[in-house]
Each structure stands twice: as C-alpha cells, then as structure tokens.
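Written out below as structure tokens is the structure these notes cover.
Quick note on labels: first sequence line is chain A, next is B, and so on, each numbered from 1. Keep in mind that what you see is a predicted model, and the values were worked out from it rather than measured. All values below were derived from every heavy atom in this structure, side-chain atoms included, with hydrogens, water molecules and symmetry-related copies excluded.
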Amino acid sequence: MEHNTMNLTLKVWRQKNANDRGNFETYQVSDISSEMSFLEMFDVLNERLIREGKDPIAFDHDCREGICGMCSMYIDGKPHGPWTQNTTCQLHMRAFKDGDTIVVEPWRAKAFPVVKDLVVDRTSFDRIIQAGGYISVNTGNAVDANALPVEKEKADAAFAAAACIGCGACVAACKNSSALLFVSAKVAHLALLPQGDPERKTRVVNMVAQMDKEGFGSCTATGACEATCPKGITIENIARLNKEYMVASLTSK
Amino acid sequence: MTLKQIFTSAVGRKLTMGLSGIFLILFLIVHVGLNACIWANDGGEMFNRAAHFMGATVVMRILEVGLFVFIFIHIIQGLMLEVSNRSKRGTAYAVSYGNRGSKWYSRSMGLLGTIILLFLVIHWIDFWIPSRFTGVEDVTLSDGKTVHNLYALMQNRFEVTWIVVVYILGCISLAYHLAHGFQSAFRSLGVYNKKYNVMLTNFGYAFAIIVSLAFIMMPVSMYFHWLS
Ligand code: HEM
Ligand code: SF4
Ligand code: FES
C-alpha cells in the first residue's frame with residue numbers, strides 16, 4: 001500500500017476540568033504515517049507528552065472500529081473529521097497532507113459538558129434512553145425468531161435506524177445542539193417493530209420530555225446532522241418522530 | 001400530554017411553526033393571486049373590485065382575524081424558538097461547519113423572518129392601516145359601485161424609491177425563508193416519506209421563486225410606470 005509520512009500542526013482544545021476556561025494548545029507532530037488512524041496520531045503525541053513529563057491529551061475511545069460511538073472529536077469544523085459516514089477512529093491520516101494545520105475541538109453543547117480536554121459527558125443520552133428507549137418484556141427463553149412476522153420494508157427501515165451508535169455527532173453538528181437525529185433514530189427503530197408497539201406513545205412523549213430537560217435544542221431541518229452522522233441516519237427519522245409525537249399527543253388522555 | 005407541551009416542547013413548538021407556516025403560505029397564494037389583478041391593465045378596476053371583495057364579507061373578516069392569530073403565533077413562537085435554540089451551545093466552535101452540511105438560509109430562518117417582520121410593519125403602515133382605519137380615497141367602478149382606490153394608493157407608495165427597495169429586500173427574504181420553510185413545515189407535521197419530501201422540496205423552491213418574483217414585480221412595474 002502506498003505510504004508516506006507527514007509533519008503536521010495540531011491545535012487542540014485543552015481544558016483541565018469542567019470549571020476551567022480552557023484554551024487551544026499548538027503541537028507539532030512529525031513522521032506521522034498516512035496509514036495511521038487519527039487516534040493513533042494522538043497516541044503518538046501523548047506518548048511524547050508523557051515522556052516530556054506533561055499532561056497527555058484526554059480523549060474518549062473504546063472499540064476503535066467504528067461501532068461504539070465513543071471517539072468524539074470535532075475536527076476542522078466537522079464532527080468525526082472530513083470523511084463522510086465515518087468515525088474519528090476510522091479516519092486515517094491520508095485524509096490530510098504534509099504541512100496541514102488541524103484544529104481539534106470537543107463536542108460543543110451545554111448538554112454535553114466538557115469533562116477534560118476532548119472528553120465530554122454524554123450521560124444525557126443515557127437518561128434519554130432510560131426515559132423510553134427500550135421495550136418491556138418478561139425475560140425467559142428467547143422466542144422463536146419467526147414468531148412475529150415483520151414486513152421487509154419496515155424491518156429494513158428499523159434496522160437502518162438501529163445503526164445509530166449514540167456518538168452525539170448530530171448534536172455537535174447542529175446549530176441548535178439538537179439531539180433529534182439520535183432520539184428519532186431510537187423512536188423510529190422501535191416504532192417500526194411489533195415489539196415496540198405497546199409503548200409506542202409513552203416512549204416518544206417521555207423521550208422528548210427528557211431531551212428537553214437535558215437542554216438540547218429543537219430541529220430546524222437544516223440537514224447538518226444527517227451530513228455528519230457516521231451511520232447514515234437520515235432526517236426522515238425526525239419527521240417520523242414528529243408524526244409519532246403528534247399522534248401520541250392527539251390521542252392521549 | 002398536555003396542551004402546554006404543544007407550545008413548549010422542542011417537537012411541539014415545531015408543530016405550531018409548521019402549521020402556522022402552512023397557513024401563511026395559503027394566505028400568500030390568495031394574496032399574490034389577488035394582487036396580480038393589477039396587471040389586467042384596466043386602470044386598477046379589476047384589482048380594486050377584488051380587493052373590495054376581500055374585505056366585504058363577514059367570512060373574510062373572520063379569516064382575517066385567523067390570519068392575524070397565525071401570524072402572531074408564528075412570529076412569537078419563531079422568535080422564542082430562535083432565542084432558545086441559540087442558547088444551547090455554550091462555548092462557540094473555533095471552526096464552523098459552515099455550508100458543508102447545510103444551506104445558509106436553512107440556518108438563518110430567524111434572521112430572514114425578522115427581515116420579513118420589519119418589511120411587514122412598513123407594509124401594514126402603508127396599506128393595511130389606511131384601508132381599515134385611517135381611510136383611503138374612493139373610486140367609482142364602471143358599474144357604479146364605490147370602493148376604496150387601493151390601486152391609486154399603490155401607485156402613490158411605489159413612486160418612492162426606498163419603499164420599492166424595502167419591498168424587494170422583503171420579498172427576497174421571503175423567497176429564502178420559503179425555500180427552506182416550505183418543505184420543513186411538512187417535515188414538522190410528520191411527512192417522512194422520502195419520495196414526498198423530495199417532491200415537496202422541489203415544489204417549495206418553485207413556489208418560493210414564483211411567489212416572491214411576482215410580489216417583487218408589483219412595486220417594480222408601478223415604479224417604472226409599466227401599467228397604464
Ligand atoms: C408571510 C410570511 C411568512 C411565511 C409564509 C412563513 C413561513 C414559514 C414556514 C413555512 C416555516 C417552516 C416551519 C417549519 O419548519 O415547521 C417557517 C419557519 C420559521 N419562520 Fe416563518 N414565515 C413567515 C414570516 C415569518 C416572520 C415574520 C417570522 C418572525 C420573525 C418568522 C420566523 C420563522 C422562524 C424563526 C422559523 C424557523 C423555525 C425553526 O427553527 O425551525 N417567519 N416560516
Ligand atoms: S444519529 Fe448518527 S450522529 Fe447522531 S448519535 Fe446516532 S450515530 Fe451519532
Ligand atoms: S472508538 Fe468506537 S466508534 Fe470510534
């Protein structure tokens with residue numbers, strides 16, 4: 001595979017804790033391989049900072065294979081960097097050229113307060129899920145997979161919505177810091193399936209109420225979230241949530 | 001689920017924006033169609049007759065009240081939504097996502113709406129207040145009926161250069177507001193079928209351009225005396 005090395009300038013947001021004001025620090029990194037991932041480049045930089053006795057840059061990561069949704073970095077003005085339908089951990093340095101300056105910021109939203117440097121607190125998403133992003137069933141033996149027939153088209157749409165990894169890039173990209181792409185993916189996923197039907201109305205109302213309580217904005221349908229989502233969640237899901245919400249509110253007691 | 005949530009939840013707020021927005025769109029269709037009568041080139045006779053009809057019956061007066069209620073809801077809710085949405089970020093980004101993910105006018109609905117509002121204030125002072133309250137001089141139509149000469153009022157106002165400029169700017173803002181707002185309103189009301197959304201988006205572009213151009217041509221054709 002073609003391979004080259006590059007020297008880069010990084011401007012990274014450093015912030016000691018939630019109360020610190022924070023500022024950008026500039027770092028020169030050299031001999032970065034074009035085949036490294038963006039996070040591996042940070043690993044190289046952090047090794048050096050540790051050797052120099054400095055505080056390494058804190059950033060979130062877990063799977064490093066694009067499925068856990070932890071690697072939140074806002075790179076040169078776009079969540080998860082320049083590639084489309086991609087996570088930061090799957091962003092490779094060949095996306096950049098020798099001599100580039102790269103600006104890295106944390107997700108910015110009041111509902112995602114900075115914990116340290118590039119790490120933000122996304123437990124607001126967990127609380128939204130706890131408000132209704134589940135189905136209530138008695139545990140026991142798994143039922144036969146074919147016991148509940150699901151129309152192919154609905155199964156596909158539900159599966160596409162279920163691909164959301166809860167990374168929060170949609171919030172980071174939205175001018176309103178709206179979480180509606182995330183919430184709508186969860187609502188659509190369950191509303192499309194027979195298992196999700198019994199709690200369909202309370203789910204959407206409660207999840208939206210929790211979303212408001214956490215301090216996320218509303219949807220202006222600009223499409224910025226959809227353009228940045230690593231899993232290709234479409235804003236048609238938000239329109240579906242709107243319909244679910246309207247039906248739930250018109251038919252509630 | 002309460003009525004309060006319809007007006008205050010993130011999703012409910014958009015239901016009221018979408019509903020009131022669509023009502024305003026319906027009003028625009030009536031308004032542009034009626035005003036197009038000035039181009040009948042009959043010295044304003046057809047236009048004055050049509051304008052008279054629009055204010056003559058109780059039904060129209062009730063619709064007018066409805067229109068004001070919806071405009072009021074749209075403006076108040078729109079401004080509140082804008083303020084609330086702007087408060088959610090906290091620290092601003094150093095590098096903005098910009099136009100890579102969305103169109104500038106979709107991110108500027110509050111600004112565009114505010115320009116439309118400023119235009120509307122001037123528009124009301126020029127036409128609505130005289131026709132309802134302070135009075136407009138009368139004209140006798142060919143069948144002997146006496147009506148307000150709104151056509152003459154238009155000719156009079158659109159002699160003034162700055163007013164014509166304000167109207168053009170107001171209508172350009174309306175065009176961009178609708179270029180995004182038209183399809184967005186249907187999304188807010190739950191239209192999630194991709195096929196329809198593509199159709200509505202394209203129809204919205206056409207609607208925004210045609211309606212705004214028609215409105216722009218009214219003051220312009222009077223300013224340049226293209227009408228007899
Ligand atoms: C004849 C005039 C107007 C028409 C036809 C109109 C139409 C619309 C439509 C169709 C929408 C989309 C609604 C949705 O996304 O659900 C919209 C959104 C909006 N309008 Fe208007 N509008 C007009 C005037 C105004 C005025 C005077 C304001 C006040 C400042 C305003 C402020 C807004 C705002 C802020 C939004 C975006 C809401 C959001 O964040 O999604 N509009 N408008
Ligand atoms: S909708 Fe997309 S961008 Fe938003 S949390 Fe889910 S995967 Fe991330
Ligand atoms: S680290 Fe898991 S998605 Fe990037």
Side-chain angles (χ1 to χ4, degrees), chain A residues 11 13 22 24 74-79 103 105-106 108-111 113-114 172-180 188 201 204-205 208-209 211-212 215-228 234-253, chain B residues 1-6 8-15 17-19 77-78 80-110 180-181 183-198 200-201:
Chain A
K11 287 175 79 178
W13 184 259
F24 283 101
Y74 184 91
I75 302 160
D76 278 345
K78 185 174 175 290
V103 182
E105 303 174 67
R108 296 286 189 201
K110 282 188 185 163
V114 171
C174 174
K175 78 174 181 72
N176 307 334
S177 306
S178 171
L180 270 156
K201 290 178 187 171
V204 63
V205 170
V208 167
M211 177 188 88
D212 283 342
F216 293 103
S218 91
C219 172
T220 304
T222 67
C225 55
E226 176 182 75
T228 209
T234 67
I235 59 170
E236 269 64 38
N237 288 293
I238 301 182
R240 192 185 279 279
L241 175 143
N242 291 339
K243 189 205 120 197
E244 293 289 326
Y245 191 84
M246 196 159 61
V247 171
S249 57
L250 290 178
T251 57
S252 76
K253 296 195 182 68
Chain B
M1 188 74 209
T2 61
L3 199 61
K4 187 175 154 247
Q5 281 171 297
I6 302 225
T8 58
S9 83
V11 178
R13 283 173 151 183
K14 283 305 301 271
L15 293 181
M17 284 310 282
L19 210 62
Q77 187 72 281
M80 279 177 17
L81 200 53
E82 182 71 21
V83 170
S84 150
N85 284 339
R86 276 171 185 263
S87 74
K88 305 295 187 192
R89 178 115 288 150
T91 312
Y93 285 115
V95 186
S96 109
Y97 195 2
N99 291 330
R100 286 173 287 171
S102 55
K103 303 254 173 33
W104 70 267
Y105 51 87
S106 74
R107 301 192 305 273
S108 314
M109 293 298 277
H180 178 67
Q183 50 94 27
S184 176
F186 290 93
R187 287 178 186 279
S188 298
L189 296 176
V191 179
Y192 59 78
N193 186 316
K194 185 121 201 168
K195 188 172 67 187
Y196 293 136
N197 282 336
V198 170
L200 286 166
T201 304

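- Between Ser184(B) and Thr220(A) there is no side-chain heavy-atom pair separated by less than 4.5 Å.
- Of the two parts of Pro106(A), only the backbone, made up of N, CA, C and O, holds a non-hydrogen atom closer than 4.5 Å to a non-hydrogen atom of chain B.
- Comparing Ser87(B), Ser84(B), Ala92(B), Gly98(B) by how many heavy-atom pairs each has under 4.5 Å with chain A, the most go to Ser87(B).
- In this structure, OG in Ser106(B) is found 8.0 Å from NZ in Lys175(A), a value given to the nearest 0.5 Å.
- With respect to chain B, the highest number of heavy-atom pairs below 4.5 Å among Gly217(A), Ala224(A), Gly223(A) belongs to Ala224(A).
- Between chain B and the options Glu244(A), Glu226(A), Lys11(A), Arg240(A), heavy-atom pairs under 4.5 Å are most frequent for Arg240(A).
- Residue Met246(A) holds its CE atom at 9.5 Å from OG of Ser188(B), rounded to the nearest 0.5 Å.
- Looking only at side-chain heavy atoms (C-beta outward), Tyr192(B) and Lys243(A) come within less than 4.5 Å of each other.
- Atom OG1 of Thr222(A) sits about 7.5 Å away from atom CZ of Arg107(B), to the nearest 0.5 Å.
- Chain B forms more heavy-atom pairs under 4.5 Å with one residue of Val103(A), Ile235(A), Leu180(A) than with any other, namely Ile235(A).
- Note that the NZ atom of Lys14(B) and the CG atom of Leu241(A) stand 12.5 Å from one another [nearest 0.5 Å].
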query: Can you check side-chain hydrogen bond (donor to acceptor under 3.5 Å, both in side chains) on Arg89(B) and Ser177(A), steps first, answer last?
result: CA-CA 6 Å; Arg89(B) 178 115 288 150; Ser177(A) 306; 3.0 Å; yes
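- The SG atom of Cys174(A) lies 11.0 Å from the OH atom of Tyr97(B); values are rounded to the nearest 0.5 Å.
- Using a 4.5 Å heavy-atom threshold, the side chains of Ser218(A) and Leu81(B) count as touching.
- Contact of Thr91(B) with chain A is made through backbone and side chain together, with heavy-atom distances under 4.5 Å.
- Note that the CE atom of Met17(B) and the SG atom of Cys219(A) stand 12.5 Å from one another [nearest 0.5 Å].
- By the salt bridge (Lys or Arg N to Asp or Glu O under 4.0 Å) test, Arg187(B) pairs with Glu236(A), sequence neighbours left out.
- Residues forming a side-chain contact (heavy atoms from CB on, under 4.5 Å) with Tyr196(B) (at least two apart in sequence, or on another chain): Val191(B), Asn193(B), Met199(B).
- With a threshold of 4.5 angstrom between heavy atoms, Phe24(A) approaches chain B through side-chain atoms but not through N, CA, C or O.
- The contact between Lys194(B) and chain A is made by backbone and side chain atoms together, counting heavy-atom distances below 4.5 Å.
- Across Ala172(A), Pro113(A), Pro79(A), the residue that shares the most heavy-atom pairs under 4.5 angstrom with chain B is Ala172(A).
- Heavy atoms of Ile238(A) lying under 4.5 Å from chain B are absent altogether.
- One N or O on the side chain of Asp212(A) and one on the backbone of Ala10(B) form a donor-acceptor pair closer than 3.5 Å.
- Nearest heavy-atom pair, Asn242(A) versus Val11(B), reported as atom, atom and distance to 0.1 Å: OD1-CG1, 3.4 Å.
- Using a 4.5 Å cut-off between heavy atoms, Arg86(B) makes no contact with chain A at all.
- In terms of heavy-atom pairs under 4.5 Å with chain B, the best-connected choice from Gly77(A), Ala227(A), Gly22(A) is Gly77(A).
- At distances below 3.5 Å, not a single donor-acceptor pair connects side-chain atoms of Tyr245(A) with backbone N or O atoms of Leu15(B).
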